[in-house]
Amino acid sequence: MTDSKYFTTTKKGEIFELKAELNSDKKEKKKEAVKKVIASMTVGKDVSALFTDVVNCMQTDNLELKKLVYLYLMNYAKSQSDTAIISVNTFVKDCEDSNPLIRALAVRTMGCIRVDKITEYLCEPLRKCLKDEDPYVRKTAAVCVAKMHDINAQLVEDQGFLDLLRDLLSDSNPMVVANAVAAISEILETSPTAQQSLEMNIGTINKLLTALNECSEWGQVFILDAISNYNPKDDKEAQSICERVTPRLAHANAAVVLSAVKVIMKLMEMLDPHSDYITMLVKKLAPPLVTLLSAEPEIQYVALRNINLIVQKRQDILKAEMKVFFVKYNDPIYVKLEKLDIMIRLTNQGNIAQVLAELKEYATEVDVDFVRKSVRAIGRCAIKVEQAAERCVSTLLDLIQTKVNYVVQEAIVVIKDIFRKYPNKYESIIATLCENLDTLDEPEARASMIWIIGEYAERIDNADELLESFLEGFQDENAQVQLQLLTAIVKLFLKRPTDTQELVQQVLSLATQDSDNPDLRDRGYIYWRLLSTDPAAAKEVVLAEKPLISEETDLLEPTLLDELICHISSLASVYHKPPNAFVEGKASLRRSLPPRSQSDSLGGEPSSQAESPQAPTAPQATVIPGADSLIGDLLDMDLGGPTPYQQQQMYQQMPPQAAPPPMQSGGMDFLGEGLDSLLGGGGGMDSLGGLGDIFGAPSSNSYVPPVWLPAAKGKGLEIHGTFARRNGQIFMELTFTNKAMQPMQGFAIQFNKNSFGLTPASPLQVQSPLIPNSTASTSLQLNTTGQVQKMDPLLMLQVAVKNSIDVFYFSCTVPMHVVFTEDGEMDKKEFLASWKEIPTTNEVQYVINDVQHNADTVSQKLRNNNIFTIAKRNVEGQDMLYQSLKLSNGIKVLAELKIQPANPNFTLSMKCRVLDIYTGVQQAYDTILHN
């Protein structure tokens, strides 16, 4: 009889019987009882009451019984943590058993018991197993280290397990090496602090490459993934790794092939794109990718999603393999659609005839979704290959003649795009399109047809009748169709005003008076006012020349594509999303392709940092100094004006005769209302708070803080703001403007969790009530004791402001310099020791362009913003400044600023244990040195 009998019992009072059997002297009876307990546990019954009795059965030589008891222990140890401690002695004993299977079983179970009390007792047994003579025990122990690190990371690091794990990379057994690599990768994903202990170097990589040939498939995948995270120091090293990884492309396992492709795709970035070696690699990459398409449909789909990324990055790899992407009749729909997408990406002038013939065939298939996509693909071909546009349009017209409803509708949608791409070229076919008006029932097709009629109304004699036919059921139409119809009729009116006045009045009335859709109402009002006040301006706006549409509208954004190339053969490459978009709590470093190796790069060394931050493209924050630094330090007089709050304080302290005249109340100026009031009044102050004439400094415009909450989103409340650091405290400077018609009061503010734990130190104080057309400024002190959660981007702060009208939400960027603390100055010895301790892979280098300062003024400017110069050296005529700073969360950053004589471009090198903060610190440097 099989073990299924254990799952069929439904007796009551079974726990007592099992308890008696578990304490029986007969080994067979005891084993049967444990099997019944496991069966009950498997079907969801609570058998935790038997915990002590089952654990007592651990003292046995029977391997099968021991496995069952360990299985039970893994399931219930967390809920019975106090009792589970009695099992520790058995683990210690089993880890020294003569049978390697029992030793491995014990160490595997140890890693699965997630109880802090027990974990520290298991350190010694685990240490012995990591040095065990049997490779099976060692490979199991390697995985156990990763599991224990997940339970108690600090304990694992303190006990030196990371060093033991790194030693396993040199093990003679390839499976031990593979498991060690898997464990290290897991630890590095969750703990950036472990990077120093587990840093990869070329020696380690060579050991991994040696073990690669003898590992199982999954071992090879782990090793290849680890190699893909390593950035070689130069192109020779990259080429050497490529040569040793290339044979994996011929492997039978699809996961190994894709992992090898990932490594090669990353390393190709470092090689000279015009070299013969790159040409050879491109030729070698095509066959394995093509071979993957002869596997099962599920593997084909995964391969196709990865190929889609590869083709976007390097189209030349598969440019000669168009035929393998032709659809087979028995392909599942998800494979067909993906093949179709790749076909369009590979289409060029040389193969367009072949592709069009295929697509025309696909348009006669029975699968509606596939036919729709095929018709759209013909339109995409027309837009992509101009020489074939006429042939594509002819093919679309043939398809329209079939009178198949969904084919006609898709054809009209893509023809609209073709008209946009090639104006005044194919409009002769409009008459054919108009014949099919009655068959259109899908919103996108109806909207496209309406756009065509409105855009080319002067060529269609009965355009008014056609649009009027759509107007009859205006209220029942989709919002997309209503918006398009409104615009089309206004276009028609501007082109033929005499006979369409009634029509335009009718549609404007429907849009503004009878519609609940705010978008439609707003557009209706805008058109109505434009037409009634300035028809010439309306003509310029509505009939403006439209920009041409791009060839590829669905390409991934380049930085996202580079990141996804680093995640080939993972779920990210299938979803086409970065891991943190679909894995909850995923906070790993964002991967990016390595920079191309350049022998003449700055400092004579190429960047070797694996996860280098990209150069910032976002607008940089402006550094606002405190009032004390403005007056006390003449070197920083060019940093810009005081904050609105400081200006308001200055005005209050001025004698009445020197104060600026009050704002004149009156009608609201929609184009310029409130700009002066945001700065505390008129233009009577210069950027130095009225001190410019004393110092002979030229006057400049006052600093205008950015708008955080526009009045349109704040129901009339407009908020400008910025951040400042004064006397060791962070302040949020806020200016509230009431552009509504009613007073506002009851102001309050709250922050979401953020990267630096910023939170208000006191309630928000705003003059109340804030009457219409008035402005109030306030300075809110912040502290860093709030809840911390890593944001993306790192410096984003999400804010909620409440008043008597509503609660409003907005986000702003905290400039990094405000979290630089006053105690960030290191002594020289500490600086030197820290610089050596931080791995070289953590070093990044930036160039700060066009700085008009020398070494002394730079040091002073940076010191005023809590970036301290530790030492200064002159090497071969260039000044080297060694600097340190400290963030409010305790993270220290070390920097080297290289200043060459007569060269306004400074080189900034930084080292830190936390890589995410580099971009913010570099922006702070850039802003301080340019203000």
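Just so you know, these numbers use all the heavy atoms, side chains as well, and skip hydrogens, waters and symmetry mates. Here, residue 1 is the first one in the sequence, and each next residue gets the next number.
- For T512 (side chain) and L508 (main-chain N/O), a donor-acceptor pair under 3.5 Å exists by modelled atom type.
- K495 and Y456 get closest at one heavy-atom pair: NZ-N, 4.1 Å.
- Residues I310 and I568 form a side-chain contact, since some pair of their non-hydrogen atoms from C-beta on lies under 4.5 Å apart.
- Salt-bridge annotation for K313 and D562: present, with a side-chain N of the basic residue lying under 4.0 Å from a carboxylate O of the acidic one.
- For the pair K577 and F582, the NZ or CZ position fails the cation-pi test of under 6.0 Å to the six-membered ring centre and within 45 degrees of the ring normal.
- Annotation: Q349, atom CD; neighbour count of heavy atoms from other residues, nucleotides and ligands within 6.0 Å does not exceed 12.
- The local environment of CD in Q480 is crowded, with over 12 non-hydrogen atoms from other residues, nucleotides or ligands closer than 6.0 Å.
- Here the side chains of L397 and I429 are in contact, with some heavy-atom distance below 4.5 Å.
- Heavy-atom minimum distance, I278 versus M268: CD1-O, 3.8 Å.
- Without hydrogens or angle criteria, Q482 side chain to A511 main chain gives no donor-acceptor distance under 3.5 Å.
- If you run side chain to side chain contact (heavy atoms under 4.5 Å, CB included) between V375 and each of V407, I400, I412, only V407 comes through.
- Residues L304 and Y334 have side chains not in contact (no heavy-atom distance under 4.5 Å, counting atoms from C-beta outward).
- With 3.5 Å as the limit, one finds a donor-acceptor pair spanning the side chains of E338 and N308.
- A donor-acceptor contact shorter than 3.5 Å links the side chain of E427 to the backbone of N424.
- Counting only distance, with no hydrogens or angles, the side chain of N253 and the backbone of E217 share no donor-acceptor pair below 3.5 Å.
- Within the 4.5 Å cutoff, the side chain of L396 has heavy atoms near those of the V414 side chain.
- Atom CH2 of W451 sits about 6.0 Å away from atom CZ of R420, to the nearest 0.5 Å.
- Pairing each heavy atom of L271 with each of A238, the nearest pair is CD2-CB, 4.1 Å.
- Aromatic pair F419/Y426: centroids not less than 6.0 angstrom apart.
- Annotation: the span from L471 atom CG to F474 atom CZ amounts to 6.5 Å, rounded to 0.5 Å.
- Remark: W218 CH2 is loosely packed, at most 12 non-hydrogen atoms of other residues, nucleotides or ligands lying under 6.0 Å away.
- Side-chain contact check for C434 versus M449: some heavy-atom pair is nearer than 4.5 Å.
- For the residue pair M322 and T347, the shortest heavy atom distance occurs at CE-N, 3.8 Å.
- Enclosure of atom CD in E390 is not indicated, since only 12 or fewer non-hydrogen atoms of other residues, nucleotides or ligands lie within 6.0 angstrom.
- Looking at D341, its side chain never comes within 3.5 Å of a backbone N or O of L337 through a donor-acceptor pair.
- In this structure, CD1 in I489 is found 10.0 Å from CZ in F470, a value given to the nearest 0.5 Å.
- With hydrogens and angles left out, the side-chain atoms of T439 and N405 include no donor and acceptor closer than 3.5 Å.
- Rounding to the nearest 0.5 angstrom, the gap separating the CD atom in E563 from the OG atom in S573 is 12.0 Å.
- In terms of modelled atom types and a separation under 3.5 Å, the side chain of E557 and the main chain of L560 share a donor-acceptor contact.
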Task: Derivation of the side-chain hydrogen bond (donor to acceptor under 3.5 Å, both in side chains) call for Q409 and D441 - done: CA-CA 8 Å; Q409 302 200 71; D441 53 15; 2.7 Å; yes
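- Side chain of N351 to backbone of L346: a donor-acceptor contact under 3.5 angstrom is found.
- In this structure the side chain of R314 never reaches within 4.5 angstrom of the side chain of K319, judged on heavy atoms.
- Here D367 does not pair with K336 in a salt bridge; the nearest charged N to carboxylate O distance is not below 4.0 Å.
- Under 4.0 Å is where a charged nitrogen must lie from a carboxylate oxygen, and between E444 and K416 no such pair does.
- One N or O on the side chain of K266 and one on the backbone of S228 form a donor-acceptor pair closer than 3.5 Å.
- Checking side-chain atoms of K384 against main-chain N and O of R345 turns up a donor-acceptor pair under 3.5 Å.
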Open item on the list: Show, in sequence, the C-alpha distance, side-chain angles and deciding distance for E410 and Y406, and conclude whether the side-chain hydrogen bond (donor to acceptor under 3.5 Å, both in side chains) test is met.
Closed with: CA-CA 6 Å; E410 286 297 329; Y406 53 86; over 6 Å; no
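- Taking CD1 of I342 as the reference point, atom CD1 of I307 lies at 5.5 Å (rounded to 0.5 Å).
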Open item on the list: Run the side-chain hydrogen bond (donor to acceptor under 3.5 Å, both in side chains) test on S259 and R248 for me, step by step, so that the C-alpha distance in whole Å, both residues' side-chain angles and the decisive distance to 0.1 Å come before the verdict.
Closed with: CA-CA 9 Å; S259 293; R248 299 299 103 203; over 6 Å; no
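- A side-chain donor-acceptor contact under 3.5 Å links T487 to the backbone of L483.
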TODO: List the steps, then state whether side-chain hydrogen bond (donor to acceptor under 3.5 Å, both in side chains) holds for T500 with D464.
DONE: CA-CA 7 Å; T500 54; D464 52 341; over 6 Å; no
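- One distance of note links CD1 of I378 with NZ of K373; it measures 14.0 Å at 0.5 Å rounding.
- For the pair D534 and R529, the salt-bridge criterion is not met [side-chain N within less than 4.0 Å of a carboxylate O].
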